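All values derive from a computational prediction rather than experimental measurement.
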Amino acid sequence: MKKIKLYTTPTLEGSLIETYCGLVIANQVAGTGFLTDLTASFSDLFGGNSGAYRNQMDRLYADVIENISQQASALGANAVIGVRVDFDNISAKSMSMFMVSVQGTAVKLKNTESLDEKSSGIVTEDELECEYKKQVFAKTLQTNNYLSKEGWQYVLTHNMLDLSELLYQSYANALKDDMYGDDTRKNFPIYVANMNYDQAVSLMYGKDECFTKIIRDLHLFNAKRILELARNEHEMDTVCELLLSDKATYNKEDLKDMQELADFLQNMPDTGKIEEVKGGIFSSSGLKFICQCGEKNDKDQQYCSNCARDIKGLNYRQRTIVDRYLERVGILQSILDT
């Protein structure tokens, strides 16, 4: 099949449209399920479904582009103008449905030389328009917090990474705003899914607000970043939610970072203590587990009878997650060693 050129603009400067061949439309839908409970299978623990969001989006986008290119070629066209791409994400419980739709007008161009790869110092109309839109969107986000549906469509289609910090803050605002921000709540996870792993990790970690659901759904586990959060006395609830995330593949460098995080978790300072306590009228003397909340428990009691935390300050769920993580690190080490 001959190469079909795709343009988002409805007209082309410097090229005559010889023939309008017709409308081309393509749709693609796929579902991705994620297992995040503590009883996940071995393959789930190590990325059996890892990277699903990003992979699905890449495949869906490639499929619809290939589809309209084939349609255009079959019509005798050598380009598609006015290309419009729509992304949609419908989530319910553990299942997410992705849909990508694309449409445009297939045309036969009389002269394509001026539309080939640009020479030095030449800026295309599309590039100029994209840069202009980027600046408009940046001002909009700084003043109004939110983009319109059309604005989000343009951002997703043109992969505007320069807006990532502003869009992150817009998403944070949208989560607190019941009246506005529906488009942001829907599209920001898709925006992050379109990034590569390093770009997404850089955006999603190390900020005041940590969107653990997106990190888990998009499989953006990063032991080094989680360790930074834990050392900064970040809430253990957040750290544990991140321990439940995973990534597409693991190598020896990942294992090194994971072992460092495991060592930190195993050697966290005690928030409670075991101490000799004198008995009273209603209590016996001897060693007691004195919790951080001040409650005196039997020395062999793992969790405080008052606040349900152990000597490290972890509740039952947190302890279960930490133990599960330590087990995963051991399994990964045995796999890589062999």
Side-chain angles (χ1 to χ4, degrees), residues 1-32 51-90 96-134 136-137 147-163 183 186-187 190-196:
M1 183 186 74
K2 61 185 177 182
K3 184 173 178 61
I4 302 296
K5 295 180 179 294
L6 305 178
Y7 302 98
T8 58
T9 55
T11 59
L12 299 174
E13 216 34 65
S15 176
L16 297 177
I17 296 176
E18 183 177 300
T19 308
Y20 286 86
C21 303
L23 186 66
V24 287
I25 301 174
N27 300 288
Q28 191 69 277
V29 179
T32 304
Y53 269 82
R54 293 191 303 281
N55 293 338
Q56 286 282 24
M57 290 301 296
D58 289 344
R59 287 197 296 270
L60 290 177
Y61 183 75
D63 286 347
V64 292
I65 293 300
E66 177 67 17
N67 193 316
I68 64 164
S69 296
Q70 290 176 354
Q71 292 181 45
S73 181
L75 293 172
N78 57 11
V80 179
I81 62 172
V83 174
R84 173 176 174 175
V85 182
D86 290 312
F87 295 84
D88 203 4
N89 177 20
I90 305 172
S96 290
M97 298 298 294
F98 281 128
M99 180 172 68
V100 179
S101 303
V102 62
Q103 66 178 34
T105 302
V107 297
K108 186 174 181 179
L109 302 179
K110 192 173 184 178
N111 173 29
T112 61
E113 291 182 1
S114 62
L115 299 172
D116 288 338
E117 289 189 15
K118 63 181 182 180
S119 309
S120 176
I122 300 299
V123 178
T124 66
E125 182 180 354
D126 274 356
E127 290 172 329
L128 181 60
E129 178 70 8
C130 185
E131 188 60 33
Y132 168 74
K133 290 278 192 183
K134 187 188 303 180
V136 170
F137 294 153
L147 290 181
S148 65
K149 181 178 180 180
E150 293 74 19
W152 266 111
Q153 176 186 307
Y154 195 91
V155 166
L156 292 175
T157 304
H158 291 77
N159 198 26
M160 292 184 169
L161 296 180
D162 292 349
L163 298 176
D183 291 319
K186 180 181 75 171
N187 289 307
I190 301 175
Y191 175 78
V192 179
N194 284 333
M195 297 178 175
N196 64 41

With heavy-atom distances below 4.5 Å as the criterion, would you say the side chains of I81 and Y20 are in contact?
yes
Answer whether the closest heavy-atom distance between the side chains of M160 and K133 falls below 4.5 Å.
yes
Minimum heavy-atom distance A26-V64, with the two atoms named:
CB-O, 3.8 Å
State, with a plain yes or no, whether a side-chain heavy atom of L147 is found less than 4.5 Å away from one of N187.
no
Can you name the nearest heavy-atom pair linking I4 to A72, along with the distance?
CG2-CB, 4.2 Å
Between the side chain of S69 and the main-chain N/O of I65, is any donor-acceptor distance below 3.5 Å?
yes
What is the distance from atom CG of L163 to atom NE2 of H158, rounded to the nearest 0.5 Å?
12.5 Å
Atom pair CG (L75) and OG1 (T105), whose distance is rounded to the nearest 0.5 Å
11.0 Å
Between L109 and I17, is there a side-chain heavy-atom distance shorter than 4.5 Å?
yes
A quick test of your reading: do over 12 heavy atoms of other residues, nucleotides or ligands sit less than 6.0 Å from NZ of K134?
yes
Separation between CD (E150) and CG (D183), nearest 0.5 Å, reads 8.0 Å
OG1/T157 to CG/N194 distance, rounded to the nearest 0.5 angstrom?
9.5 Å
Closest approach of G104 and L23, non-hydrogen atoms and distance?
O-CD1, 3.1 Å
Could you give the distance from CD1 (I25) to CZ (R84), rounded to the nearest 0.5 Å?
11.0 Å
G76 to C21 - nearest heavy-atom pair and separation
C-SG, 4.4 Å
Could you measure the distance from the CZ atom of F137 to the SG atom of C130? Nearest 0.5 Å is fine.
9.0 Å
Counting C-beta onward and ignoring hydrogens, is there a side-chain heavy-atom pair between V102 and V83 closer than 4.5 Å?
yes
